[in-house]
Structure formats: C-alpha cells, structure tokens
Amino acid sequence: MSNWACFVINRRYSALSVQILSFSINCSSTMMSETALRDLNLLPKSERTTETSSKDILTKPYIEQTGENVRGKQRENIVSLVEPPPMNGKEVDHSGPEVVVTEVEYIDSDKLNDLEDVDMSLKMLLDGLGSKDWVLLCETLNNVRRFSIYHKEALQDILDNVISLVVKALKNPRSAVCKTAIMTCADIFKAFRDNVIDSLDPLLVQLLLKSSQDKRFVCEAAEKALIDLTIWVSPVLLLPKLQPYLKNRNPRIRAKASMCVSRSVPRLGAEGIKDYGIDKLIQIASSQLSDQLPESREASRALLLELQSAYEKSSVLAPEQDTSSDPPHVHSWEQFCESNLSKLSAQAVIRVTSITRESLVSGL
C-alpha cells in the first residue's frame with residue numbers, strides 16, 4: 001500500500017472517531033440533564049431555586065377568559081364589595097342579579113304634599129303597610145303621614161290596624177323603613193293625641209328601644225318622636241305608661257323614660273301635680289337620682305327642681321297649715337322631702353336642689 005493511500009485512510013478514521021466521540025458526549029449530556037431534572041422534581045418546592053419557580057409559573061396552563069366570564073367576575077366583585085347595611089337612607093337591594101342602590105328621601109312633615117287620590121290611597125293603605133316590598137312600604141308609611149296631616153278623620157276607623165302595622169315596620173331590619181315608621185309615629189301623635197293612648201304600649205316600647213340602641217340617625221328620629229309624644233299626649237295619661245320603664249333592666253331605656261317623665265310633669269301645672277300626687281312624683285324623681293347613666297340623673301335633677309319650684313310657689317301643693325300657731329306654720333321643702341322620703345333619699349334630694357338653686361342664684 002502506498003503512503004498516499006495510508007494517509008487517506010487515517011484521515012477518514014480520525015473524522016469518524018471525532019463523530020463517534022461527539023455523539024457519545026451528547027448522549028451523556030442528555031442523560032445527565034434528565035437525571036438532574038428528575039432529582040430536582042423530587043425536591044420540595046421551598047428548596048427549588050427562584051429561576052425554577054419562575055419557570056413553573058410560566059409553564060402553568062393559561063385559560064383565556066371570554067368577555068362574558070370577565071363581566072360575570074366583575075359583577076361578583078361588585079356584589080362582594082357593596083356594604084349590605086343601609087347608610088343614611090341608602091338601601092342596597094340584592095334581590096336581583098345586579099346590585100341596585102335605592103335612596104330613600106326623608107320628608108319633613110311640613111313639606112309633605114296632600115294625597116292626589118284620597119279614596120284610592122285609603123283602599124291601598126293596609127295592603128301597602130303589610131307589603132314585603134320595602135320601597136312600597138316606605139311610600140305607604142308616608143301616605144299614613146299625609147292622612148294624619150290632611151285627612152285624619154279617614155284613619156279614625158282603622159287607626160288600631162294602622163298602628164299595629166306601623167309597630168311591625170318599626171321592627172323592620174332596614175333602617176330606611178324603621179326611620180320612616182318613626183316619623184310616622186310622630187305625625188300620628190300630633191294628629192290623634194290622646195286617642196292613641198289605648199294603642200300606645202307597643203309603640204312606646206319600640207321608640208324607647210330605637211332611641212337607645214340603634215344607628216345614630218334612627219336614634220335621633222326616635223328621640224324626636226318621644227319629644228312629640230310628651231308634647232301632644234296628656235301627661236296624666238302618659239305618665240302611668242312611662243312609669244314601668246323607669247325600672248327596666250336596660251339603663252338606656254330607663255334614661256329615655258326618665259327624660260320623658262321630666263318633660264311631661266311641667267305640663268301638669270300646679271293643680272295637675274296635686275291631682276297626680278306630688279309625693280308620688282318626688283319618689284319617682286329620687287329613685288332616678290342615683291341611676292347608672294348621666295342622662296337619667298340629669299332628668300331626675302330637672303324634675304326635682306320643677307317639683308321644688310311648684311311646691312314653693314303654689315299654695316295648693318303645700319300641706320295644710322297649722323293654724324294653732326301664730327303665725328301659721330308652713331312646711332318647708334326640706335320638711336316635705338323628709339316626710340315623704342327615706343332619710344338617705346331625702347338628704348340626697350335636698351342636697352341636689354340646694355346646690356342647683358345656689359348655683360342659679362350665684363349665676364344671676
């Protein structure tokens with residue numbers, strides 16, 4: 001064999017060897033990569049590198065959202081973000097597939113217009129008050145207010161039924177319904193006055209509750225209705241209704257009842273106080289003097305001052321004079337307290353009325 005032939009054979013052999021070596025290296029690299037990947041998959045996620053985690057995220061399947069899915073998701077987010085409880089007359093209605101925000105307008109009594117169709121409104125009144133549609137219920141309650149202002153004689157025969165349905169509305173969990181019912185109570189008190197006394201108990205307990213433990217704008221409306229109650233209903237009839245609540249276990253209810261009593265007694269006048277019994281009234285006032293809440297104590301002090309002023313200024317309230325002495329002896333306020341109250345209660349009443357009177361004199 002010539003030297004040239006040997007040279008050619010060696011070159012071909014060398015090229016073939018290089019190809020075989022390259023193929024072997026690629027196979028080894030592939031096997032190592034598969035082994036490393038398999039080992040890596042066996043590791044917990046917390047031990048994997050950031051780069052691998054990022055790749056895991058990127059390789060997760062992506063699901064394309066259609067326009068309908070996106071709108072549905074957005075609607076779900078809106079529902080979840082809307083606050084269910086009503087805020088200052090704004091109510092959220094969740095009954096339908098979409099959220100509807102309804103705003104209730106609270107109309108003052110002097111701004112309520114007369115009814116357009118009195119007969120039709122009267123026929124629809126009781127059904128509307130019993131409706132489960134809270135918007136219709138609020139509208140019907142405002143119609144009751146209109147009847148009370150403009151056509152109270154039309155309600156006279158169905159007043160008891162109307163009041164029982166108004167009481168039901170006062171218990172409604174929707175604040176808009178509750179406040180509208182409270183405003184309705186105030187107009188009923190003004191229109192019918194002493195005629196409501198037989199149906200007053202369920203109204204009174206609800207107003208005392210609402211004025212003491214509900215949302216602020218509901219409390220304010222209930223307090224105003226209680227003030228109207230003490231203005232328009234005779235104190236002779238109202239005071240016996242209020243007395244049981246002065247001993248209620250709820251201190252807030254006791255305080256609201258005490259404030260109502262304090263506002264009612266001055267309307268009695270000297271003759272009315274005498275007829276009702278000033279000894280009863282001073283016992284009521286002294287019992288609230290050491291009550292838990294300051295509102296109750298303040299109402300008690302105001303009532304005691306009223307009784308003291310009436311006692312000292314009116315001869316009809318003073319006990320019969322001792323004519324055997326010269327000049328006739330007149331019992332003082334202090335003596336009156338001591339003769340009608342326990343020793344400790346009398347001392348507390350005398351101290352309160354004396355301090356308050358002295359402060360008023362010094363203020364002058």
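A quick note: this is a predicted structure, and the numbers were derived from the prediction, not measured.
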**OP:** State whether the side chain of Ser345 and the backbone N or O of Leu341 hold a donor-acceptor pair below 3.5 Å, judged by distance alone.
**Re:** no

Subject >> Asp117 side-chain N/O to Met120 backbone N/O, donor-acceptor pair under 3.5 Å >> reply: yes

Original post:
Looking at Ser109 and Ile149, what are the two nearest heavy atoms and their distance?
Top reply: O-CD1, 3.6 Å

Subject >> side chain to side chain contact (heavy atoms under 4.5 Å, CB included) evaluation trace for Leu170 with Leu203 >> reply: CA-CA 8 Å; Leu170 287 171; Leu203 284 178; 3.8 Å; yes

Original post:
Do Glu220 and Arg216 meet the salt-bridge criterion of a basic N to acidic O distance under 4.0 Å?
Top reply: yes

**OP:** Would you mind reporting whether Leu229 and Cys260 have side-chain heavy atoms less than 4.5 Å apart?
**Re:** no

Original post:
Judged by atom type as modelled, is there a donor-acceptor pair below 3.5 Å linking the side chain of Ser121 to the main-chain atoms of Val118?
Top reply: no

Subject >> Side-chain heavy-atom pair Thr230, Leu226 within 4.5 angstrom cut-off >> reply: no

Subject >> Exceeds 12 heavy-atom contacts within 6.0 angstrom, atom NZ of Lys152 >> reply: no

Original post:
When you measure from the side chain of Ser148 to the backbone N and O of Val144, does any donor-acceptor pair fall under 3.5 Å?
Top reply: yes

Original post:
Is a side-chain donor or acceptor of Ser300 paired with a backbone partner of Ser296 at a separation under 3.5 angstrom?
Top reply: no

Original post:
Distance-only, no hydrogens or angles: does the Asn250 side chain make a donor-acceptor pair with backbone N or O of Arg252 under 3.5 Å?
Top reply: yes

Original post:
Can any side-chain N or O of Ser212 pair as donor or acceptor with the backbone N or O of Leu209 at less than 3.5 Å?
Top reply: yes

Original post:
Is a side-chain donor-acceptor pair under 3.5 Å present for Glu223 with Ser211?
Top reply: no

Original post:
Quick one: side-chain contact (heavy atoms from CB on, under 4.5 Å) partners of Gln292, sequence neighbours excluded?
Top reply: Pro251, Arg254

**OP:** Give the cluster check for Leu304 versus Ile284: same hydrophobic cluster or not, with ILVMFWY residues linked at side-chain heavy-atom distances below 4.5 Å.
**Re:** yes

Original post:
Taking side chain as C-beta onward, heavy atoms only, is Trp134 less than 4.5 Å from Thr180?
Top reply: no

Original post:
Do Val233 and Met259 sit in the same hydrophobic cluster, where Ile, Leu, Val, Met, Phe, Trp and Tyr count as joined when their side-chain heavy atoms come under 4.5 Å apart?
Top reply: no

Original post:
Are the side chain of Ser131 and the backbone of Leu136 linked by a donor-acceptor contact shorter than 3.5 Å?
Top reply: no

Subject >> Derivation and outcome, salt bridge (Lys or Arg N to Asp or Glu O under 4.0 Å), residues Glu271 and Lys274 >> reply: CA-CA 5 Å; Glu271 291 288 348; Lys274 180 182 180 181; 5.6 Å; no

Original post:
Quick one: does Arg145's side chain have a donor or acceptor within less than 3.5 Å of a partner on Thr140's backbone?
Top reply: no

Subject >> Which residues share a side-chain hydrogen bond (donor to acceptor under 3.5 Å, both in side chains) with Lys190, sequence neighbours left out >> reply: none

Subject >> Same cluster (ILVMFWY, side-chain, under 4.5 Å), Leu112 and Val166 >> reply: no

**OP:** Could you tell me whether Glu116 atom CD has more than 12 heavy atoms of other residues or ligands within 6.0 Å of it?
**Re:** no

Subject >> Side chain proximity check, Phe189 to Leu207, heavy atoms < 4.5 angstrom >> reply: yes

Subject >> Exercise: do Lys215 and Ser175 side chains pair donor with acceptor under 3.5 Å >> reply: yes

Original post:
Which residues satisfy the side-chain hydrogen bond (donor to acceptor under 3.5 Å, both in side chains) test with Asn143, sequence neighbours excluded?
Top reply: Arg146

Original post:
Stepwise, does the side chain to side chain contact (heavy atoms under 4.5 Å, CB included) test hold for Asp114 with His151?
Top reply: CA-CA 9 Å; Asp114 196 357; His151 310 280; 2.9 Å; yes

Original post:
Between Thr353 (side chain) and Ile350 (backbone), is there a donor-acceptor pair under 3.5 Å?
Top reply: yes

**OP:** Please indicate whether Arg297 has more than 12 foreign heavy atoms, meaning atoms of other residues, nucleotides or ligands, lying under 6.0 Å from its CZ.
**Re:** yes

Original post:
Does Tyr245 reach the side chain of Val205, with side-chain heavy atoms less than 4.5 Å apart?
Top reply: yes

Original post:
Hey, are the side chains of Cys138 and Tyr106 touching, using non-hydrogen atoms and a 4.5 Å cut-off?
Top reply: no

Subject >> ILVMFWY network linking Val177 to Val167, side-chain heavy atoms under 4.5 angstrom >> reply: yes

Original post:
Between Val236 and Leu246, is there a shared hydrophobic cluster once you connect ILVMFWY residues whose side-chain heavy atoms come closer than 4.5 Å?
Top reply: yes

**OP:** Check the pair Lys123 / Asp119 against salt bridge (Lys or Arg N to Asp or Glu O under 4.0 Å), numbers first and verdict last.
**Re:** CA-CA 6 Å; Lys123 290 179 181 179; Asp119 294 334; over 6 Å; no

**OP:** For the residue pair Ile158 and Leu122, establish whether any side-chain heavy-atom pair is separated by less than 4.5 Å.
**Re:** yes

Original post:
So, do Ile282 and Phe336 sit near enough that their side-chain heavy atoms are less than 4.5 Å apart?
Top reply: yes

